[in-house]
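Both counts, for ligands and for their atoms, begin at 1 and track the order of listing.
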Amino acid sequence: MPEEDGDARLPQEFVELAAELDEQDTLAAYRSEFVLPEGVLAYLDGNSLGRPLKVTGGRLARFVDGEWGERLIRAWDERWLELPTVVGDLIGRAVLGAAPGQTVVGDSTTVMLYKLIRAAVDARPRRTEIVADTENFPTDRFVLAAVAAETGRTIRWIEPDPATGVQPAEVAALLGDRTALVVLSHVAYKSAYIADLPAITSAAHRAGALVLWDLCHSAGVVEVALDDSDVDLAVGCSYKFLNGGPGAPAYGYVARRLHDELRQPIAGWMGHAEPFAMGPDYVPATGIRRFLSGTPPILAMIPVEDMLAVIQRAGMPAVREKSVRLTDYAIAVADEVLAPLGVVVASPRDADRRAGHVTVEHDAMKTVVGELWRRGVIPDFRPARGLRIGLSPLSTSFGELATALAHVEQILAGQAG
Ligand SMILES: *Cc1c(COP(=O)(O)O)cnc(C)c1O
């Protein structure tokens, strides 16, 4: 078996198609800007932890010697205190469609979700219900349940078809004058289904409710237009398609029109109107800074800045276009090569409703993924039987994807035989 590892190859037409797509790929050169160790044959999990950029290593080292090592505490005044909103504005411009002054960086996704969900619910004191869905990522559901318990609210759960995602009609059916808040993921973390963000947002507004979108699996791979869609609140993480590295902070977006009205629950000194006045009482800052709590994770924002610069050079429309080609290719191979081995595509076939990953299912996937990892082919396993093929457009080539899928075929064929 091990001697077969190296020569896994898809049928000739798909090898040629991958070569052609790489040839035509206007973003192909970006791949070489990432750290690409030889032991990794194919990386298909950039939607869980993006690869690091080569420049980041140098910038982190210079940061230790310069900004931290030499400027020391002076750097707080010189740059660091403003970094949560400076990087927030960069994220807003590069990937969220958000004008400056509405996005802030800090905390983890989980904590930022808690802060903004709690702030939103508190801003609608007479409304008793939150609308959410059972297919959302665990942390989103857990935080929602905790806020509901803490504030005496009821969650109206939508149970969407796991293969697709939440439909506007399913949301509309639960909206009413009791709805305080709707919380959904823009892109489903399992299927990659893209929810109809503009339609759901305006339906919620017609009912007088606020909306919070989780953008973890959309920002940096799917175009988002928060301002144009009149979104109230959004949260996302910076270590997936924004390549911020393990534990990189979250970002929170709050529409400017809500800044004065909303008050978040973790009143800390960094969100205070005058952090260094050291006064007796908490007075929230004006604007987006009031959503900060404690000392921001400065080190962890450096890689995010690097990736945002790359995304801005490439442009989100081009990133999305390549993303669609990558997922189209994965689905074509799944249909032609893997389906005869019992593999089923569990992501939307309509490219307009499909984001940056493709989930395929098979009863043997857990063992298949174990063997793939051993070979240096790294996708994600999602219980019970899902192989999640995450495709970061700026760091993934079609050839890399073809190699990975060839190994999936070889392992499944070997098991069948
Ligand atoms: C990745 C992800 C998270 C992660 O939350 P952390 O607090 O950063 O661990 C939350 N929600 C969704 C939808 C995600 O995809």
*Would you indicate which of Leu215, Thr139, Thr110 comes nearest to atom 7 (O) of ligand 1 when only heavy atoms are counted?*
Thr110
_I want to confirm something. Looking only at heavy atoms, which of Thr109, Leu49, Asn136 is nearest to atom 5 (O) of ligand 1?_
Thr109
*For Tyr189, what residues pass the ring-ring contact (aromatic ring centres under 6.0 Å, His included) criterion, not counting sequence neighbours?*
Phe137
*Considering only the protein, which heavy-atom contact is closest to atom 8 (O) of ligand 1, and what is its distance?*
Tyr239 OH, 2.6 Å
*Kindly identify the option in Asp214, Leu113, Asn47 whose heavy atom sits closest to atom 13 (C) of ligand 1.*
Asp214
*Using ring-ring contact (aromatic ring centres under 6.0 Å, His included) as the criterion, list what pairs up with His217, not counting sequence neighbours.*
His357
*Residue Ser185 vicinity, atoms of ligand 1 by number, heavy atom under 4.0 Å*: 13 (C)
*Using a 4.0 Å heavy-atom threshold (strictly under), name the region of Val111 that reaches ligand 1: side chain, backbone, both or neither.*
neither
*Who's the nearest protein heavy-atom neighbour of atom 15 (O) of ligand 1, and how far?*
Lys240 NZ, 2.6 Å
*Which atoms from ligand 1 have a heavy atom of Ser108 less than 4.0 Å away?*
7 (O)
*Salt bridge between Arg156 and Glu170, side-chain N to carboxylate O under 4.0 Å?*
no
*Distance only, no hydrogens: is a donor on one side chain within 3.5 Å (strictly under) of an acceptor on the other, for Glu135 and Tyr193?*
no
*More than 12 heavy atoms of other residues, nucleotides or ligands under 6.0 Å from CZ of Arg178: is that the case?*
no
